[in-house]
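Chain letters run A, B, ... following the sequence lines, proteins first and then strands; every chain starts at 1.
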2 protein chains.
Amino acid sequence: MRARLTASRERIIDAALGILAEHGYAGCSVAAVAERAGLATGSVYRHFPAKADLFAEVFRTASQGEIDAVTRAATAESTAAARVRAVIETFAGRALRSPRLAYALLAEPVDPAVEAQRLVFRRAHAALLAGYIADGVASGELPAQDPELTSTAVVGALAEAMVGPLAAGVAGPDTIGGLITFIHRALGVPS
Amino acid sequence: MRARLTASRERIIDAALGILAEHGYAGCSVAAVAERAGLATGSVYRHFPAKADLFAEVFRTASQGEIDAVTRAATAESTAAARVRAVIETFAGRALRSPRLAYALLAEPVDPAVEAQRLVFRRAHAALLAGYIADGVASGELPAQDPELTSTAVVGALAEAMVGPLAAGVAGPDTIGGLITFIHRALGVPS
DNA sequence: CCAAGAATTGAACCACCGTTCATTTCTTGT
DNA sequence: ACAAGAAATGAACGGTGGTTCAATTCTTGG
């Protein structure tokens, strides 16, 4: 019974994530989510007090997956420059592989309550980068700078450069390479 | 009569802009706009076929004002580095002076139809910067790069770095200076 | 000054969608 | 097998807010 309950909860989240990845947030009515999960509309409210809570969790889960992937790629490297490169490649690569989901997580209009979760997502990426940048500054690999500010700017540059390709469906031939050069320069990585 | 008509239209746009700057897009119901313009709700529809059309024009007008201000500041300079600096200072300075409006133009959740106009806004800034960057590359002031990509990344970095301060109400002591350094480095401006 | 037509009004309309809840179905311990 | 309680159902509700339109007011040419 307990298992069935948590299974339903999982199915709801998966269904929401699926619709998010296929039709964006606009397609995510509670009725649509419930139908895809094989439940009645009202049953969603046995698991989540409100739609915003459901999608806060969906965004949180999806974001954590992205953060984990990026972190995994970065920790395999040892210099700040290589770590930042790994973050960019992983972030952009995954976004281009799931463009609809990436757009929803990054830029699609959502309820204010869910928007808050998106900020958490971006801040988590920025915090990760800030750590690498601070390490690089401490070790002398990078010039002095405010890691909070530069990591935020890096996340903004990354996200903005992705939104166009995500909307258009394809990225230019060397979008990722160009971004790496841009960001390495911006952080003062020696060439 | 003709004059009265266009005057009403102007008043509607001004009212919408005013509410946008004071209460954000969330406060911009058609009824609220009409009341501030001194008209009945229904009269708005004599001038605009739908709310989205009204706000597309509002966003377009406001954006054009920002673009003009930034362009004016940049054309007073002669090197690519100085022009980019002028763009950053003007953009950020104006945003911090009208934080609510800037937030609405940059990041607040809006209808998809209005969102499209926001992309135009960001693209216009990027196009402006792309021109300066391309000139800089052509004259040898800047290293080789794809001006489309780097200008987009610059706009993203700028916008992302502004959203935090705009939400918090204040910018850090040297946010703008830090951004200039970051972006100059990113573009390869010689130090 | 007076119709004729345009402009304005604002209350009513309607569609959408999140949320609720009385009813039904299922699970489980005895 | 049975009762008691939990879980699921889905139709109905309600609030919101964009949009419409018949009634009214204003403008203007003769």
Side-chain angles (χ1 to χ4, degrees), chain A residues 1-20 22-59 104 108-118, chain B residues 1-20 22-59 104 108-118:
Chain A
M1 203 69 227
R2 221 20 104 60
R4 173 178 289 251
L5 260 185
T6 52
S8 286
R9 203 187 145 87
E10 279 302 306
R11 281 222 314 288
I12 292 170
I13 292 176
D14 287 353
L17 196 56
I19 296 178
L20 200 62
E22 283 170 23
H23 309 288
Y25 189 74
C28 289
S29 70
V30 174
V33 171
E35 187 185 355
R36 183 190 254 245
L39 293 164
T41 308
S43 303
V44 170
Y45 289 83
R46 185 152 305 278
H47 300 281
F48 301 93
K51 185 188 183 182
D53 298 277
L54 161 58
F55 277 90
E57 180 148 350
V58 169
F59 270 62
E108 190 180 5
V110 295
D111 300 13
V114 181
E115 182 76 20
Q117 204 57 42
R118 181 143 76 199
Chain B
M1 204 68 228
R2 226 10 108 60
R4 174 179 288 249
L5 260 186
T6 53
S8 285
R9 205 187 143 85
E10 280 302 308
R11 281 222 313 287
I12 292 170
I13 292 176
D14 287 352
L17 197 56
I19 297 179
L20 200 62
E22 284 171 21
H23 308 289
Y25 188 75
C28 289
S29 70
V30 174
V33 171
E35 187 184 356
R36 184 190 254 243
L39 294 164
T41 308
S43 303
V44 170
Y45 289 83
R46 184 151 305 277
H47 301 280
F48 302 93
K51 184 188 184 181
D53 298 277
L54 161 59
F55 276 89
E57 181 148 349
V58 169
F59 269 62
E108 190 179 5
V110 295
D111 300 14
V114 181
E115 181 76 20
Q117 205 56 41
R118 182 141 76 197

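When His47(A), Gln117(A), Arg9(A) are each tested for a side chain to side chain donor-acceptor pair (under 3.5 Å) with Glu57(A), only one passes: Arg9(A).
Val33(A) is listed as a side-chain neighbour of Phe55(A), based on a closest heavy-atom distance under 4.5 Å. Considering only heavy atoms from C-beta on, Tyr25(A) stays 4.5 Å or farther from Val58(A) through its side chain.
Between Thr41(A) and Arg46(A), the residue whose closest nucleotide on DNA chain C is further toward the 5' end is Thr41(A).
Using a 4.0 Å cut-off, some side-chain N or O of Ser8(A) falls inside it from OP1 or OP2 of dA8(D). Residue Ser43(B) places at least one side-chain N or O closer than 4.0 Å to OP1 or OP2 of dT9(C).
Between the CG atom of Leu54(B) and the P atom of dT19(D) there is a distance of 10 Å, given to the nearest Å. Here the P atom of nucleotide dG17(D) and the CZ atom of Phe48(B) are 21 Å apart, to the nearest Å. Regarding Tyr45(B), its OH atom lies at a distance of 18 Å from the P atom of dA12(C), rounded to whole Å. Whole-Å rounding puts the Asp111(A) CG to dG15(D) C1' distance at 15 Å. The NE2-P distance, from His47(A) to dT9(D), rounds to 9 Å in whole Å. With rounding to whole Å, Lys51(B) atom NZ is found 11 Å from dT16(D) atom C1'. Spacing between atom CG of Leu39(A) and atom C1' of dA8(D) amounts to 8 Å, rounded to whole angstrom units. Regarding Arg11(B), its CZ atom lies at a distance of 9 Å from the P atom of dT8(C), rounded to whole Å.
Shown here is Glu35(B), whose CD atom has no more than 12 heavy atoms of other residues, nucleotides or ligands within 6.0 Å.
Nucleic acid contact class of Ala50(B) (heavy atoms, under 4.0 Å, all strands): sugar-phosphate only.
Checking dG10(C), dG18(D), dT19(C) against every side-chain atom of Ala40(B), the shortest atom distance belongs to dG10(C).
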